[in-house]
Amino acid sequence: MSPSSPSIAEAIAPLRQALLDHRLYGQLKSIGQMRVFMEHHVLAVWDFMSLLKALQRGLTCVEPPWLPVGEPRLRRLINEIVLSEESDDTDGGGSVSHFELYLRAMREIGADTTRIDQFVSRLRAGRSVEAALEEAGLPVCVKEFVLHTFRVIASGRLHEIGAAFTYGREDLIPDLFGTLVAQLERDFAGCATTLRYYLDRHIELDGDEHGAMGREMVELLCGGDPVRQEEARTAAVQALQARVRLWDGIAESVAICPGT
């Protein structure tokens, strides 16, 4: 990154603000509209886990025979994040992945899980991500978002995957989900308790721990190399642009949903 190039934080600032000011939040005024939101957003919850596992695969040894891989600090950072994302404590005791917790939240408010269930079923049957998206009949905005994520993963460039993961997800979530929590408090008091727990848990983890861990991880992966820094910046910007397009698509679907 040249001396005149913006930092990642500077480069993504307008996109972050566009997401925080997005019209979508003001549209979530009924349980029906919240259901539509969750039926779309659940795929972003799922593909986040795929970004996470791509990083774990690249930064640690996940196949026998075990061998020490890469920087121990990077191993520690990614394994700490995996622990809570894949097997977090629940409010009722026990452990659960955040994806499974989100599915519980969907069922609690009566959101339709048919398409996400079909998608996962097709993946288990060995279908590609692209084929499973098509066969499950998922909306265009959702398919495009997930396919962008998997293009980043397929690149195998860990500093770019880390930037998309950190700045497109972990570093963004506390502010983004804080807006949704305000919506729940205003329009759904006493309802959607599992969703509220999911959002609060992400705000707590990502605000206090995971965001900082992700930023350190990207810095270590770039290693002071200006080319890698520039590539990471581009990956972060593109991840947020993809999120804006997803939010635009969900907003269009919510707008035509009956307010029930």
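Throughout, residue positions are numbered sequentially from 1 according to the sequence presented. Reckoned from all heavy atoms, side chains included, excluding hydrogens, waters and symmetry mates.
Here Phe165 and Phe48 bring their ring centres to under 6.0 angstrom of each other.
For CD of Glu71, the number of neighbouring non-hydrogen atoms (other residues, nucleotides, ligands) closer than 6.0 Å is 12 at most. Within a 6.0 Å sphere centred on NZ of Lys143, heavy atoms belonging to other residues, nucleotides or ligands number more than 12. Heavy-atom contacts from other residues, nucleotides or ligands closer than 6.0 Å to CZ of Arg76 number 12 or fewer. Under a cut-off of 6.0 angstrom, the local environment of CD in Glu108 is crowded, with over 12 non-hydrogen atoms contributed by other residues, nucleotides or ligands. Taking a 6.0 Å sphere around CD of Glu219, one finds it holds 12 or fewer heavy atoms contributed by other residues, nucleotides or ligands.
Salt bridge status for Arg201 with Asp89: absent, with no side-chain N to carboxylate O gap under 4.0 Å. Salt bridge Arg107/Asp117: present, at least one basic N to carboxylate O contact under 4.0 Å. A salt bridge links Lys53 with Glu86; the closest basic N to acidic carboxylate O contact falls under 4.0 Å. Ionic pairing of Arg228 and Glu231 is not present here: no N-O contact between side-chain nitrogen and carboxylate oxygen is shorter than 4.0 angstrom. A salt bridge links Asp175 with Arg16; the closest basic N to acidic carboxylate O contact falls under 4.0 Å.
Counted by atom type alone, Ser121 and Gln118 present zero donor-acceptor pairs between their side chains at under 3.5 Å.
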Margin query: I'd like to know whether His98 forms a side chain to side chain contact (heavy atoms under 4.5 Å, CB included) with Asp88, so could you lay out the CA-CA distance, the side-chain angles of the two residues, the decisive distance to 0.1 Å, and finally the verdict.
Written below: CA-CA 7 Å; His98 288 169; Asp88 199 12; 2.8 Å; yes

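No cation-pi contact links Arg245 to Trp247, judged by a cut-off of 6.0 Å to the six-membered ring centre and 45° from its axis.
Between the Ser30 side chain and the Gln33 main chain, a donor and an acceptor come within less than 3.5 Å of each other. Put simply, the side chain of Arg169 never gets that close to the backbone of Ala164: no donor and acceptor are under 3.5 Å apart.
Each of Val42, Val146, Leu147 was compared with Asp47 under the side-chain contact (heavy atoms from CB on, under 4.5 Å) criterion, and only Val146 meets it.
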